[in-house]
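Residue numbers run from 1 in the order of the sequence given. The structure presented is a predicted model; accordingly, all values stated were derived computationally and were not measured.
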Amino acid sequence: MSKRCLTILGATGSIGLSTLDVVRRHPDRFAVYALTAGTRADELAVLCREFRPSVAVMASQEAAERLERLLDDVPETRVLSGKAGLCDVASAREADTVMAAIVGAAGLSPTLAAVRAGKRVLLANKEALVMSGRLFMDAVAESGAELLPIDSEHNAIFQCMPPEHIRDPRAAGVTRILLTASGGPFREHTAAQLRDVSPAEACKHPNWSMGQKISVDSATLMNKGLELIEACWLFNTTPEKIEVHVHPESIIHSMVEYADGSVLAQLGSPDMRTPIANGLAWPERIDAGVAPLDLFAIGRFHFEKPDLHRFPCLALAADAFEAGGTAPAVLNAANEVAVEAFLRGCLRFADIPVIIERTMAATTVVPADSFDTIFSRDAEARRHAREQIALLTV
Ligand SMILES: NC(=O)C1=CN([C@@H]2O[C@H](COP(=O)(O)OP(=O)(O)OC[C@H]3O[C@@H](n4cnc5c(N)ncnc54)[C@H](OP(=O)(O)O)[C@@H]3O)[C@@H](O)[C@H]2O)C=CC1
Ligand SMILES: CC(=O)[C@@H](O)[C@H](O)COP(=O)(O)O
Ligand SMILES: [Mn+2]
């Protein structure tokens, strides 16, 4: 068996560490070519000592200089920095597989570089696809990259469809996708209780252990909104063909309904090592280190409709997809700015959707005809969102 050689973008994060945990269990299958991080050089240094990548990349020159000092005695690891360094390792000839696990818009350029270089791209960074939708999928088609979904719901949907039909589910007899949502930590909060929840409470997901940004997105249901858009692009479908089911146990990771009335579901413990191992080894199955599912202990599954009044972000995302063009990029940018402000204690939880709605209202939708257009609208939306936050906090 020839080894897969990996670049892991966002190696120090929740998905990055879970990926390395799967890799660690299979030294005969996987080798690490490159690891990247944003600012946390100390954490990346520890990983470099264990996995001995040929290249390590930090987002800034300053962080790269620190990493270089920390790896003084690890001469086989070359240190690079910045967007150019990230794109280099994402497209390098030496790597055949790229885990795209940088959080947010910062992941778009390196993920796209991996796509354009025709890699097997394991897509966790949903924001990249939400921002650039059709352009991203066109790049996949042009390069022949193998795009495999890692987001747990999308990986579940992928597992429930014939692989040759994932971009044409109607041809496989698919009638609907049932996208599951946990409902987040505030599923039972009243609108009044939601006003003053803290960042620590928002980051305490009931079932999953994840980075801060996606944890807040789960709490507002924006994560489900981003995932709705992600599913539309990955599976070439529309929001009307996707129904969100709040399933608080997070054991069913999503379902696919067929014309004959069959509904196929993928179940598993809420542990990202399952979809990661599925993507790394696809079409084979390998040990992911995940404990077997104990359905007797779980006992019951519950399902509810999402409450769009308490959690308007889901509807805002559906509206952005409907508006098309640059609207999803604007939605994503406004959300990133609002979540960051909330995490810094500068914005109330309930004002996250307010900032997104105001930013969307203030920004003209134009056709998403190039990545330059996407990046310029992203920057403009961030400026609007920051202005709106400043107005709310004076
Ligand atoms: N966590 C999960 O279970 C799931 C996550 N996802 C998606 O996967 C992605 C990663 O999520 P998660 O692992 O939770 O996030 P984390 O915040 O835990 O990790 C983010 C990673 O990205 C790096 N990073 C952050 N900013 C930059 C930047 N500007 N340039 C380069 N690298 C950067 C971080 O480096 P540093 O450590 O130095 O800050 C870290 O390695 C997100 O898009 C998320 O939506 C999808 C499904 C499930
Ligand atoms: C693990 C994963 O894929 C997350 O996106 C998870 O789905 C978050 O859970 P909810 O958004 O359903 O709360
Ligand atoms: Mn998910």
To the nearest 0.5 Å, what is the distance between [atom1] ([X]) and [atom2] ([Y])?
X	Y	atom1	atom2	result
L129	L123	CG	CG	6.0 Å
L70	C48	CG	SG	9.5 Å
R386	C346	CZ	SG	12.0 Å
R66	T39	CZ	OG1	11.0 Å
F158	L148	CZ	CG	5.0 Å

Considering all heavy atoms, the nearest [X]-[Y] contact:
X	Y	answer
S81	Q61	OG-OE1, 3.1 Å
V174	Y258	CG2-CE2, 3.4 Å
A113	S91	O-CB, 3.7 Å
P27	R25	CD-C, 3.4 Å
I374	A368	CD1-CB, 3.7 Å
A105	N332	CB-ND2, 4.3 Å

Within the distance-only criterion (no hydrogens, no angle test), does the side chain of [X] pair as donor or acceptor with the backbone N or O of [Y] below 3.5 angstrom?
X	Y	answer
E357	L316	no
T36	G10	yes
N223	I214	no
R167	L234	yes
T77	P53	yes
S143	V115	yes
T180	I252	yes
D151	H154	no
T175	E257	yes

Is [Y] reachable from [X] through a run of hydrophobic residues whose side-chain heavy atoms are each under 4.5 Å from the next?
X	Y	answer
I352	I229	yes
W282	F30	yes
L280	L47	yes
L9	V103	no
L267	V246	no

Should [X] and [Y] count as an ion pair when the cut-off is N to O under 4.0 Å?
X	Y	answer
R382	D378	yes
R24	E50	yes
D28	K3	no
E380	R377	yes
K224	D217	no
R187	E304	yes
K213	E127	yes
R120	D96	no

Do [X] and [Y] get their side chains close enough for a donor-acceptor pair, meaning under 3.5 Å?
X	Y	answer
S60	E62	no
S182	H247	no
S215	S218	no
R273	S18	no
D271	S269	no

Can you tell me if [atom1] on [X] sees more than 12 non-hydrogen neighbours from other groups inside 6.0 Å?
X	atom1	answer
E243	CD	yes
R49	CZ	yes
R310	CZ	yes
E201	CD	yes

[Y] and [X], any side-chain heavy atoms less than 4.5 Å apart:
X	Y	result
T359	L331	no
T111	F136	yes
T237	R170	no
L35	T7	no
Q193	T190	yes
D72	R69	no
V23	F51	yes
L80	M58	no

Inset, instruction - Using the six-membered ring wherever Trp is involved, compare the ring planes of F301 and F303 and label them parallel, tilted or perpendicular (cut-offs 30° and 60°). - result: perpendicular
Inset, instruction - Take the angle between the ring planes of W208 and H253 and call it parallel below 30°, perpendicular above 60°, tilted in between. - result: tilted
Legend entry - Test side chain to side chain donor-acceptor pair (under 3.5 Å) applied to K126 and E153, E227, E230, the passing residue: E227
Inset, instruction - Please lay out, stage by stage, how L108 and S132 fare under the test side chain to side chain contact (heavy atoms under 4.5 Å, CB included). - result: CA-CA 8 Å; L108 175 53; S132 62; 3.7 Å; yes
Legend entry - side chain to side chain contact (heavy atoms under 4.5 Å, CB included) between H245 and H302, intermediate numbers included: CA-CA 9 Å; H245 285 52; H302 296 87; over 6 Å; no
Legend entry - Stacked cation flag K83 on F375, 6.0 angstrom / 45 deg: yes
Inset, instruction - Begin from the C-alpha positions of R78 and E68 and carry the test salt bridge (Lys or Arg N to Asp or Glu O under 4.0 Å) through to its verdict. - result: CA-CA 8 Å; R78 192 160 51 99; E68 226 157 20; over 6 Å; no
Inset, instruction - Apply the test side chain to side chain contact (heavy atoms under 4.5 Å, CB included) to residues V98 and L122: give CA-CA distance (whole Å), side-chain angles for both, the deciding distance (0.1 Å), then the verdict. - result: CA-CA 6 Å; V98 175; L122 306 178; over 6 Å; no
Legend entry - Worked verdict on I177 versus S254 for side chain to side chain contact (heavy atoms under 4.5 Å, CB included): CA-CA 8 Å; I177 288 172; S254 277; 5.5 Å; no
Inset, instruction - Kindly indicate, with the supporting measurements, whether the criterion ring pair (Phe, Tyr, Trp, His ring centres under 6.0 Å) is fulfilled by F311 and F186. - result: CA-CA 10 Å; F311 301 104; F186 308 133; 7.9 Å; no
